[in-house]
Protein chains: 4
Amino acid sequence: MAANRQKEIALAAVKLFEQKGYHATSVQDIADEVGLQKGSLYHYIHSKEDLLLQIAHEAITQFNDNMQAVLDTDLTAPEKLVKAVENHITMSVSNMETTTVLLREAFSLGDTQHQVIQDLTDKYVELWTQILEQGSRDGQFHVEQPKVTALAILGACNWVYRWYRESGQLSPTEIARVFSNLFLSGLSG
Amino acid sequence: MAANRQKEIALAAVKLFEQKGYHATSVQDIADEVGLQKGSLYHYIHSKEDLLLQIAHEAITQFNDNMQAVLDTDLTAPEKLVKAVENHITMSVSNMETTTVLLREAFSLGDTQHQVIQDLTDKYVELWTQILEQGSRDGQFHVEQPKVTALAILGACNWVYRWYRESGQLSPTEIARVFSNLFLSGLSG
Amino acid sequence: MAANRQKEIALAAVKLFEQKGYHATSVQDIADEVGLQKGSLYHYIHSKEDLLLQIAHEAITQFNDNMQAVLDTDLTAPEKLVKAVENHITMSVSNMETTTVLLREAFSLGDTQHQVIQDLTDKYVELWTQILEQGSRDGQFHVEQPKVTALAILGACNWVYRWYRESGQLSPTEIARVFSNLFLSGLSG
Amino acid sequence: MAANRQKEIALAAVKLFEQKGYHATSVQDIADEVGLQKGSLYHYIHSKEDLLLQIAHEAITQFNDNMQAVLDTDLTAPEKLVKAVENHITMSVSNMETTTVLLREAFSLGDTQHQVIQDLTDKYVELWTQILEQGSRDGQFHVEQPKVTALAILGACNWVYRWYRESGQLSPTEIARVFSNLFLSGLSG
DNA sequence: CATGAATGAGCCTTCATTCAT
DNA sequence: CATGAATGAAGGCTCATTCAT
């Protein structure tokens, strides 16, 4: 019943938001995609903006949950970092549309709603930072600026949605390994 | 002739596009900002989209030019990388509005116009890649995947506009050094 | 059958029409008020407009019935007038919501339906006029224009719903006496 | 230029609001009436509601101004009352559409905007009350409840828009005289 | 060069009503 | 009797762009 349609609508929205962007996607477009009248959509959504918020919220929450799971293990910091990078890139790529909407379109939210996403994003950065801090405590990482370093690593990972193509030579896992190597050993290593 | 006005309009547009986003900025907003009437703007611009294109074009061109200048030196690859990172971050930060518009709003361009920016962006990636390849050739870098590695580094740098605040603890130069250290020596270094 | 439900719905509608106005009240609002779904309402009503018509019809009918009852007595004209004024004001105030809907919202009816109410309203005016004519015949009133005079008196009474507040100093009965005095003796009296 | 169109639009709106009611009048209707596109109207108005507010505001202001002018004379209270009644009815009738919109549609305004009109209306009642109070002080009126009495008189006058027809037998001035007689001398007088 | 009136397409959203289940 | 999904028309409003003056 409703739940199916709701999912269907969210999927249609993600697809269109990714393809055309949030602003260039009309409610009509979404309705057409699911085979409903424009007005009928409003049985399932509060507003177009709310649809975007839900999509972005679910996406960033999943990133956060996955990251928390990594932190909850008793792996070493380098192991956690490798895992985190792999998780992030794998998730990004296998939910490319959602990730793109999260990273590219969330800014289109109104201030209040955008802040919700921003807060969760800040949390995500914080989790990455914790790995670096653990590594620093354990003497395995030399990090003077864990926060900024985390932002560098996360930035690299978040940029993947901008250039990854399925047709590329490397699999997500391979890309993750290249990234991990870079972060762990550097170019000179 | 009124090259001044044209510049003034572009500056107003950059400011507004950065603050509110391209779609949320109306031509009226821009006109208000420069003290003209909406209609009068069209003596100076072809269209709102064209304005965005020009802004993005100028921005990416400047990044490219700067990068080319680095490549044209006879510094070693590590030295070039350090320079490139510093240039990129310094430029990003000192032209924050423009950089934000380039990186966040260019997608709002129509396909044809977006491709213009995309091509220049691809070129930019290529230039970064060349540094890595030089380092590889010279035996100073261990890079198996120069293109992907370049994308990692560039991604990290391009993400800066998302979190940099003037009120932060580190100056752009210091941030650049943290980044360079990470890329050259890695966390374990 | 569900005459209860029908009454309940009418009461909900009156309340909402009075509070928000007919147009600003949605069928959903009414459904919410009675704890049904929008669609279920239509087992009890023909249309939103019909609901309004019924409310207004019942209201004006009650005014008319009450007035007829006064006319059917063998009171003198002045006595009848006093009684009519008191009845009208008392009824207005004790059914404030209904009266408000009748007097303020009936115009929202379509032409045909509005005419139904208008005819009953004209009848009501006619009944008031009869009192004045009786008084004129009996030599107790000096009225040259019974119809217009009736409209003056009725206007004064119909306006009460606009300003009466329960928190006011005068009771409906007291207000009615002030009104009657004015109509019978005038300011100079 | 603008001023003409603005007036023209206001006139069209008044006409349509009176004929069909505020809610039943669409912006399209108004645009059609003045021969403009729907969107073009917004060069001249802020919103449909604002249009209504302006109309109502101008109407009640004119009533107030006229009343104030009467109060500023040094006529006796009865003379002032006669003048006030005549002014009110004459104005009502000669600006029937505007008066109708003021008295029938102002409730459609949002709370804030409605309050603006309500405040001015309260002021109007106050001015009528002052006449009665003057008459009371001067010993020409016997009024125990000047406020309620004023509301009775004003109610009678405000009701005129509901029944007056140009085709009727009495001119506005004659109607005013019937009303004044009633208020001054009463039916028994 | 500047204006501002006008366009016309499009946008998001609401809503009374119907109907299969 | 009750639901709630679906409709489809309409509504108010915004906006990039054009053009006569």
Side-chain angles (χ1 to χ4, degrees), chain A residues 1-6 9 22-31 34-52, chain B residues 1-2 4-6 22-31 34-52, chain C residues 1-2 4-6 22-31 34-52, chain D residues 1-6 9 22-31 34-52:
Chain A
M1 54 194 59
N4 276 349
R5 278 280 181 171
Q6 211 140 350
I9 290 168
Y22 172 74
H23 280 111
T25 301
S26 72
V27 170
Q28 184 66 254
D29 291 335
I30 303 173
V34 296
L36 238 38
Q37 289 304 109
K38 208 170 25 164
S40 309
L41 235 56
Y42 285 83
H43 282 281
Y44 303 98
I45 65 170
H46 273 106
S47 65
K48 187 189 167 192
E49 188 181 12
D50 188 59
L51 200 43
L52 174 56
Chain B
M1 29 235 67
N4 277 350
R5 266 289 160 90
Q6 215 139 345
Y22 173 74
H23 280 109
T25 301
S26 70
V27 170
Q28 183 68 70
D29 290 336
I30 302 171
V34 295
L36 279 177
Q37 287 313 109
K38 216 178 4 174
S40 312
L41 268 194
Y42 285 82
H43 288 285
Y44 302 97
I45 65 171
H46 279 108
S47 66
K48 188 187 167 192
E49 188 181 11
D50 188 58
L51 203 41
L52 175 56
Chain C
M1 28 236 67
N4 277 349
R5 267 286 161 89
Q6 215 139 344
Y22 172 73
H23 280 109
T25 300
S26 70
V27 170
Q28 183 69 70
D29 289 335
I30 302 171
V34 294
L36 280 177
Q37 286 315 109
K38 216 179 3 174
S40 312
L41 268 195
Y42 285 83
H43 288 284
Y44 304 97
I45 65 171
H46 279 109
S47 67
K48 187 186 166 194
E49 189 181 12
D50 187 58
L51 203 41
L52 175 56
Chain D
M1 54 195 59
N4 276 348
R5 277 279 184 176
Q6 212 140 349
I9 291 168
Y22 173 74
H23 280 111
T25 301
S26 72
V27 170
Q28 184 65 255
D29 291 336
I30 303 172
V34 294
L36 239 36
Q37 289 305 110
K38 203 169 32 161
S40 308
L41 234 57
Y42 285 84
H43 282 282
Y44 302 98
I45 65 170
H46 274 106
S47 64
K48 187 188 167 194
E49 188 181 12
D50 189 58
L51 201 42
L52 174 56

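These numbers come from the heavy atoms of this one structure, side chains and all, not from hydrogens, waters or symmetry mates. Letters A, B, ... are given to chains in the order of the sequence lines, protein chains preceding strands, and every chain is numbered from 1.
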Once you round it to whole Å, what is the distance between C1' of F:dC15 and NZ of B:Lys48? 8 Å
By nearest-nucleotide position on DNA chain E, the 5'-leaning member of A:Lys38 and C:Tyr22 is A:Lys38
Can you tell me which nucleotide in E:dC12, F:dC13, E:dT17 comes closest to the side chain of C:Val27? E:dT17
When rounded to the nearest 0.5 angstrom, what distance separates CD in C:Gln37 from NE2 in C:His43? 11.5 Å
If I take atom CD1 in residue A:Ile9 and atom C1' in nucleotide F:dA6, what distance separates them, rounded to the nearest angstrom? 12 Å
Between F:dA16 atom P and B:Asp50 atom CG, what is the distance in whole Å? 14 Å
When you match B:His23 and A:Gly39 each to their closest nucleotide on DNA chain F, which lands nearer the 5' end? A:Gly39
B:Leu36 and B:Arg5, any side-chain heavy atoms less than 4.5 Å apart: yes
Using modelled atom types only, decide if a donor and an acceptor are shared between the side chain of B:Gln6 and the backbone of B:Tyr44 within a distance under 3.5 Å. yes
State whether B:Arg5 places a side-chain N or O below 4.0 Å from either non-bridging phosphate oxygen (OP1 or OP2) of E:dA2. yes
Within-4.5 Å side-chain heavy-atom neighbours: B:Val34 and B:Leu41: yes
Anything below 3.5 Å on both distances counts as a pair; with that, list the stems of at least three consecutive Watson-Crick or G-U pairs involving DNA chain F. E:2-21 with F:2-21
Using a cut-off of less than 4.0 Å, is there contact between a side-chain N or O of C:Ser40 and OP1 or OP2 of F:dC1? no
Roughly how far apart are B:Tyr22 OH and B:Glu49 CD, rounded to 0.5 Å? 5.0 Å
D:Ile30 versus D:Leu51: any side-chain heavy-atom pair under 4.5 Å? yes
Would you kindly give the CD-to-C1' distance between A:Gln28 and F:dA10, to the nearest whole Å? 14 Å
If the cut-off is 4.0 Å, is D:Tyr44 near the phosphate of E:dA6, judged by side-chain N/O to OP1 or OP2? yes
In this structure, how many angstroms lie between the P atom of E:dG8 and the CG atom of D:Leu41, rounded? 15 Å
Spacing between B:Asp29 atom CG and F:dC15 atom P, to the nearest angstrom: 7 Å
Integer-rounded Å distance: E:dG8 P and D:His43 NE2: 13 Å
Hey, is the side chain of D:Tyr42 poking within less than 4.0 Å of OP1 or OP2 on F:dT14, counting only N and O atoms? no
How close or far is atom P of E:dT13 from atom CG of A:Leu51, stated in whole angstroms? 10 Å
When rounded to the nearest 0.5 Å, the distance separating OG of B:Ser40 from CD1 of B:Ile45 is 11.0 Å
So B:Leu36, base contact, sugar-phosphate only, or nothing? Heavy-atom distance under 4.0 Å. sugar-phosphate
For B:Gln37 and for C:Ile45, locate the closest nucleotide of DNA chain E by heavy-atom distance; then report the residue assigned to the nucleotide nearer the 5' terminus. B:Gln37
Between C:Lys38 and C:Ser26, is there a donor-acceptor pair closer than 3.5 Å when you use the side chain of the first and the backbone of the second? no
Quick check on DNA chain F: between B:Ala24 and C:Gly35, whose nearest nucleotide comes earlier from the 5' end? C:Gly35
